[in-house]
Amino acid sequence: HALNSKLLPSMLSKTAATQIPSFARGLSKAAASRSVPNTRNGLKDAERVVVKVGTAVVSNKNGTLALSRMGALVEQIKALRQEGREVLLVSSGAVGIGRHRLGLSKEAVSDPKNVVDRQACAAAGQGILINKYNSLFNSLGLKAAQVLITQQDFTDPTKYGYLVSTLEKLASMGTIPIINENDVVTGGAQLDVDEHCCFSDNDMLSALVASGASADAVAMLTDVDAVFTKPPGEAGSERISVYTEEQGRVQIGEKSSMGRGGMASKIEAAGVAAQGGVSAVVANGFDIDNVQRIFAGDDVGTLFPANERPSALQNWLAQAAKPAGRVTVKDSAVARLLRDREAVKQLQLMDIVSVDGQFGAASPVSLQCTQGKLFGKGVVQVDSQDMAERLGQQLWSLDSRVMSSADMVLTRAAAH
């Protein structure tokens with residue numbers, strides 16, 4: 001997974017630029033210069049937005065298309081475009097719609113063992129879904145484009161660069177990218193076994209798309225009004241207007257039968273979007289007017305305020321990069337890195353205890369302390385063989401920089 005310098009311009013720190021090739025266009029200059037809207041009022045100024053709709057929003061319980069809701073959704077997106085916003089749409093629904101077309105039962109398709117059934121439903125349903133969207137958008141004078149995504153489109157740096165650049169190009173041209181996971185080839189099977197998968201449903205996909213494409217906000221439309229302290233309808237359940245870590249645990253109800261996401265996945269996905277510098281709102285998609293209300297700054301749904309926007313490289317490392325190896329770091333160096341995260345630091349060869357795996361320079365690696373606890377990821381400037389040889393001979397007098405703080409991300413858990 002070495003990063004490709006020929007395809008994409010530099011996103012790395014200046015100290016690393018001479019040694020590490022770049023990997024993604026990722027964060028545009030315009031996006032980098034925009035302030036991050038992290039309040040309800042700030043949502044009114046969001047210039048690039050992502051709208052995510054779930055299976056329950058675009059289809060009826062029997063698996064047919066919910067034409068009135070889809071039509072209203074497209075009208076709301078047109079209104080956002082008329083306000084000068086760039087819009088990306090992440091839409092579930094292909095599997096449920098395809099199940100109805102093929103005459104399969106919900107129980108059969110929902111069974112994780114029936115991967116091929118799910119793939120067949122996705123194949124049958126995706127065409128129906130995109131055709132209806134195209135017809136609706138065309139009727140309102142808007143252009144749409146289909147974008148089907150797999151795990152590797154995020155984990156592979158070259159594919160990630162092309163994906164981000166394509167999304168930015170479409171958005172900048174006023175075209176609405178209609179994004180969905182390519183269930184025809186994934187089927188969801190590997191999502192339960194691959195520890196390096198970066199999304200397991202379209203909630204997380206929308207968060208990764210929003211942060212990768214440098215969106216300002218994402219609206220995650222579902223079948224409930226917001227995030228509640230308990231499942232809606234239970235005694236004592238209260239809507240959470242602004243979600244913070246201090247909220248404590250939220251009691252989670254059941255997830256939808258045809259979708260893979262539930263409230264837990266939406267909370268996790270909205271948190272990932274916020275960490276990527278994107279304000280996220282979880283709201284009811286049955287009331288499509290909520291799209292306009294969200295971006296008017298109205299108090300609907302649950303807001304996850306955006307953190308400071310990370311660099312494109314750090315965002316990719318945190319959310320999508322698949323480590324090619326593991327580097328064990330001395331405890332004293334770990335403490336130094338965590339002490340002041342804002343300071344510019346470097347990880348030197350003398351800070352390294354050992355290296356596991358074979359990887360080239362400019363590869364993403366996991367960082368762990370001597371107790372084996374992972375505390376971050378980073379892009380190395382030295383390949384594994386050279387690093388191991390220099391460690392064995394203690395050749396620290398040479399240029400021994402392994403990575404700088406701009407080329408790594410530290411996990412929150414490592415601070416404890």
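When reading the values below, keep in mind they use all heavy atoms of this one structure, side chains included, and skip hydrogens, waters and symmetry mates. We're numbering straight along the sequence, starting at 1.
- Although no hydrogens or angles enter the test, the distance criterion places no donor-acceptor pair under 3.5 Å between the side chain of Lys266 and the main chain of Val282.
- With rounding to the nearest 0.5 angstrom, the SG atom of Cys121 is 5.0 Å from the CG atom of Leu102.
- Between the Ser59 side chain and the Ala56 main chain, no donor and acceptor come within less than 3.5 Å of each other.
- For the pair Ser172 (side chain) and Glu168 (backbone), a donor-acceptor distance under 3.5 Å is present.
- No side-chain heavy atom of Leu73 sits under 4.5 Å from any side-chain heavy atom of Val57.
- Checking side-chain atoms of Arg326 against main-chain N and O of Asp356 turns up no donor-acceptor pair under 3.5 Å.
- Residues Leu65 and Leu129 form a side-chain contact, since some pair of their non-hydrogen atoms from C-beta on lies under 4.5 Å apart.
- Using bins of under 30°, 30° to 60° and over 60° for the plane-to-plane angle, the ring pair Tyr243/Phe304 lands in the parallel bin.
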* **Derivation and outcome, side chain to side chain contact (heavy atoms under 4.5 Å, CB included), residues Val329 and Phe375** => CA-CA 10 Å; Val329 181; Phe375 71 90; 3.9 Å; yes

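- With rounding to the nearest 0.5 Å, the separation of OG in Ser105 from CG in Asn114 is 8.5 Å.
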* side chain to side chain contact (heavy atoms under 4.5 Å, CB included) between Met387 and Phe359, worked out -> CA-CA 10 Å; Met387 199 182 302; Phe359 49 83; 4.3 Å; yes

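- In this structure, the side chain of Asp407 does not engage the main chain of Val379 through any donor-acceptor pair within 3.5 Å.
- Residues Ser91 and Val58 approach most closely at OG-CG1, 3.9 Å, considering heavy atoms.
- When all heavy atoms of Asn315 and Gly212 are compared, the pair lying nearest together is ND2-N, 3.9 Å.
- To the nearest 0.5 Å, atoms CH2 (Trp316) and OG (Ser211) are separated by 13.5 Å.
- If you run side chain to side chain contact (heavy atoms under 4.5 Å, CB included) between Ser241 and each of Val300, Asp299, Leu303, Thr302, only Asp299 comes through.
- Across Gly277 and Ala306, no two heavy atoms sit closer than the pair C-CB, 3.7 Å.
- Annotation: Arg81, atom CZ; neighbour count of heavy atoms from other residues, nucleotides and ligands within 6.0 Å is above 12.
- At least one side-chain heavy atom of Met403 sits less than 4.5 Å from a side-chain heavy atom of Val365.
- Nearest heavy-atom pair, Gly360 versus Val380, reported as atom, atom and distance to 0.1 Å: O-CG2, 3.8 Å.
- A heavy-atom distance below 4.5 Å is not found between the side chains of Val184 and Gln126.
- Shown are Leu347, Ile352, Thr328; of these, the side chain to side chain contact (heavy atoms under 4.5 Å, CB included) with Leu367 is made only by Leu347.
- The distance from the OH atom of Tyr133 to the CG atom of Leu142 is 13.5 Å, given to the nearest 0.5 Å.
- Residues Gln151 and Lys322 form no side-chain contact, since every pair of their non-hydrogen atoms from C-beta on lies 4.5 Å or further apart.
- With salt bridges taken as basic N to acidic carboxylate O contacts below 4.0 Å, none links Arg293 and Asp298.
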* Could you check Leu80 against Glu83 for side chain to side chain contact (heavy atoms under 4.5 Å, CB included), going step by step and ending with a plain yes or no? => CA-CA 5 Å; Leu80 294 178; Glu83 294 171 356; 3.8 Å; yes

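- In this structure, Ile288 CD1 and Phe286 CZ are separated by 9.0 Å, a value rounded to the nearest 0.5 Å.
- The closest donor-acceptor contact from the side chain of Ser237 to the backbone of Lys230 lies under 3.5 Å.
- Ala124 and Arg101 make their closest contact through CB-CG, 4.5 Å (heavy atoms, listed as atom of the first residue, atom of the second, distance).
- With rounding to the nearest 0.5 Å, the separation of NZ in Lys106 from CG in Asp111 is 15.5 Å.
- Between Gln152 and Thr155, the shortest heavy-atom contact is CA-OG1, 3.3 Å.
- Proximity of Gln368 to Val353: side-chain heavy atoms (C-beta onward) are nowhere separated by under 4.5 Å.
- The backbone N or O of Glu47 sits less than 3.5 Å from a side-chain atom of Asp216, completing a donor-acceptor pair.
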* To do: Give the C-alpha distance, both sets of side-chain angles, the deciding distance and a yes or no for side chain to side chain contact (heavy atoms under 4.5 Å, CB included) between Asp351 and Gln346.
  => CA-CA 10 Å; Asp351 299 323; Gln346 293 181 353; over 6 Å; no

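- A donor-acceptor pair is defined here as one N or O able to donate and one able to accept, closer than 3.5 Å; such a pair exists between the side chain of Ser206 and the backbone of Asp203.
- Looking only at atom types and distance, the side chain of Ser135 has no donor-acceptor partner in the side chain of Asn138 under 3.5 Å away.
- With Thr150 contributing its side chain and Asn182 its backbone, the two residues share no donor-acceptor pair below 3.5 Å.
- In this structure, Glu181 and Ile149 have side chains that are not in contact, with every pair of non-hydrogen atoms separated by 4.5 Å or more.
- Remark: the backbone N or O of Leu104 is paired with a side-chain donor or acceptor of Arg99 at under 3.5 angstrom.
- By the 4.0 Å N-to-carboxylate-O rule, Lys52 lies too far from Asp201 to be salt-bridged with it.
- A 4.5 Å side-chain heavy-atom check between Leu167 and Val164 finds every atom pair outside the cut-off.
- Atom CD of Gln371 has more than 12 neighbouring heavy atoms from other residues, nucleotides or ligands inside a 6.0 Å radius.
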